[in-house]
Amino acid sequence: MRLSNLKQTMLQMGLILIALEIIAIGIQLFFAPHEVAAGGATGVGILLEELMGWRISTVVLVINIGMLILAYFLLDKKTTLRILFGSFMLPVCLAITPQAMVVEDKLLAIIIGSVVYAAGIALLYRIDASSGGLTVPPLIFKKYFNIKPALSLLVVDLLVCFANVFVSGFETFMLATCSSILTLITMNYIETGLNRKKVLYVMSNEQLATIKEHLVEEADVGVTIFDVTGGYSNEDKQMLMLVVENQAYQHIINKIHEVDPLAFTIVGNIAEVRGGSL
């Protein structure tokens with residue numbers, strides 16, 4: 001049992017290091033060379049590197065240590081331990097990742113950097129880890145003032161973004177703001193899963209059994225039958241629930257309409273599907 005726990009811990013630490021290195025790549029290869037601070041402790045590091053010549057890794061280390069001290073006194077020990085490893089290893093990853101301008105176009109660099117950075121953060125969230133830094137104050141505000149962490153974190157990031165105006169100009173501030181929005185969108189997409197599919201709910205007055213027979217023949221379709229009651233008629237009916245791959249959606253719709261052109265169908269997007277044959 002202990003050996004299994006050790007392997008799991010080592011695996012998690014390895015994934016954390018991979019996520020932190022992805023974040024470092026996003027900062028050192030895309031944001032920092034173009035002097036765009038898009039929020040967080042790394043954003044503060046980019047600003048101070050431009051103003052004072054300080055290394056980003058050093059600034060992030062100092063901020064993370066300060067936030068760890070706040071977390072130790074104001075948050076629970078479990079939270080402090082959860083952010084401890086990432087708080088010290090992110091500056092290391094930033095220090096060993098050389099800063100280089102791999103993309104000269106500023107807008108393109110920020111777009112790519114936002115996606116890379118978001119992938120690293122999303123991976124941390126998926127394994128319930130954190131890089132510490134300015135993610136700590138929102139947790140404190142949540143505990144003592146019941147302010148939603150997402151809101152306070154947005155405010156902190158916007159303040160860092162706004163500081164670009166005084167360092168690199170208004171255009172950089174706008175790029176940093178757009179980067180924060182793109183990062184948030186990318187994170188939400190990754191966090192909710194990449195195994196996206198469509199779910200269809202199908203009802204037919206007379207042809208439901210035939211529809212089911214046609215759909216069962218499809219190898220990549222999951223079919224579930226629900227017993228339902230009509231809201232107006234109070235009649236007992238059946239409804240099919242189908243989970244299909246995105247590329248198979250139109251094919252399945254066509255097969256349903258071949259049997260019953262008037263079949264009542266509701267279609268929705270699924271963020272992630274786990275278990276089963278799909």
Side-chain angles (χ1 to χ4, degrees), residues 16-68 70 83 86-125 130-138 152-187:
I16 292 174
L17 286 175
I18 292 174
L20 293 175
E21 181 56 29
I22 292 174
I23 293 172
I25 290 173
I27 297 299
Q28 296 288 53
L29 300 187
F30 299 100
F31 288 109
H34 292 280
E35 302 167 2
V36 176
T42 54
V44 176
I46 292 173
L47 292 171
L48 291 180
E49 181 183 58
E50 177 65 15
L51 286 174
M52 311 294 293
W54 296 348
R55 295 189 65 182
I56 297 175
S57 57
T58 303
V59 175
V60 172
L61 178 61
V62 171
I63 292 175
N64 284 358
I65 291 175
M67 294 300 103
L68 278 172
L70 284 178
I83 67 176
S87 295
F88 283 105
M89 291 310 301
L90 178 58
V92 173
C93 291
L94 288 168
I96 65 176
T97 304
Q99 189 175 130
M101 186 179 293
V102 296
V103 178
E104 293 187 3
D105 184 89
K106 197 169 188 177
L107 177 59
L108 181 60
I110 299 310
I111 292 174
I112 298 174
S114 299
V115 174
V116 173
Y117 182 85
I121 295 294
L123 179 55
L124 284 179
Y125 286 176
S130 171
S131 60
L134 297 183
T135 61
V136 173
S152 50
L153 183 61
L154 177 62
V155 172
V156 171
D157 284 343
L158 287 178
L159 288 174
V160 175
C161 289
F162 184 71
N164 284 279
V165 174
F166 308 102
V167 178
S168 303
F170 184 78
E171 180 180 335
T172 303
F173 159 65
M174 294 301 296
L175 283 173
T177 303
C178 291
S179 171
S180 296
I181 296 172
L182 179 58
T183 298
L184 180 62
I185 293 172
T186 305
M187 283 175 57

Taking only distance into account, with no hydrogens and no angle test, what donor-acceptor pairs under 3.5 Å do side-chain atoms of residues 89-118 form with protein atoms, sequence neighbours excluded?
from, atom 1, to, atom 2, distance (Å)
Thr97, OG1, Glu21, OE1, 3.3
Thr97, OG1, Glu21, OE2, 2.8
Thr97, OG1, Cys93, O, 2.6
Gln99, NE2, Gln28, OE1, 3.3
Gln99, NE2, Glu49, OE1, 3.4
Gln99, NE2, Glu49, OE2, 3.3
Asp105, OD2, Leu107, N, 3.3
Asp105, OD2, Leu108, N, 2.8
Lys106, NZ, Thr172, OG1, 3.2
Ser114, OG, Ile110, O, 2.7
Ser114, OG, Ser179, OG, 2.7

Exercise. What's the verdict on side-chain contact (heavy atoms from CB on, under 4.5 Å) for Val136 and Ile83, showing C-alpha distance, side-chain angles and the deciding distance?
Worked result: CA-CA 9 Å; Val136 173; Ile83 67 176; 3.6 Å; yes
Exercise. Measuring from Ile18:CD1 to Ile22:CD1, what's the distance to the nearest 0.5 Å?
Worked result: 7.0 Å
Problem set entry | Backbone of Ser87 reached by a side-chain donor or acceptor of Asn64 within 3.5 Å | yes
Problem set entry | Nearest-0.5 Å distance, CD1 of residue Ile46 to CD of residue Glu50 | 10.5 Å
Exercise. Are any side-chain N or O atoms of Asn164 and backbone N or O atoms of Cys161, one a donor and one an acceptor, separated by less than 3.5 Å?
Worked result: yes
For this session: Mind listing the closest non-hydrogen atom pair of Ala41 and Ile63 along with its distance?
Result: CB-CG2, 3.9 Å
For this session: Quick one: sort the Phe170 and Phe173 rings into parallel, tilted or perpendicular, breaks at 30° and 60°.
Result: tilted
Problem set entry | ring pair (Phe, Tyr, Trp, His ring centres under 6.0 Å) against Phe88, all qualifying residues, sequence neighbours excluded | none
Exercise. Under the 3.5 angstrom rule, does the side chain of Thr186 hit a backbone N or O of Leu182 as a donor-acceptor pair?
Worked result: yes
Exercise. Minimum heavy-atom separation for Ala38 to Phe31, with atom names?
Worked result: CB-CE2, 4.0 Å
For this session: Mind listing the closest non-hydrogen atom pair of Gly133 and Pro137 along with its distance?
Result: O-CD, 3.9 Å
For this session: Mind checking the OG-CD1 spacing from Ser131 to Ile16? Nearest 0.5 Å is all I need.
Result: 10.5 Å
For this session: Given side-chain contact (heavy atoms from CB on, under 4.5 Å), test Leu124 with Ile23 step by step and report yes or no.
Result: CA-CA 10 Å; Leu124 284 179; Ile23 293 172; 3.8 Å; yes
Problem set entry | Which atom of Ala37 lies closest to which atom of Gly43, heavy atoms considered | CB-O, 3.2 Å
Seminar exercise, completed: Closest heavy-atom pair, Ala163 versus Leu47, reported as atoms and distance to 0.1 Å, is CB-CD1, 3.5 Å
Problem set entry | Rounded distance (nearest 0.5 Å) linking atom OG of Ser180 with atom CD1 of Ile185 | 11.0 Å
Problem set entry | Nearest heavy-atom neighbours spanning Ala32 and Ile56 | CB-CD1, 3.6 Å
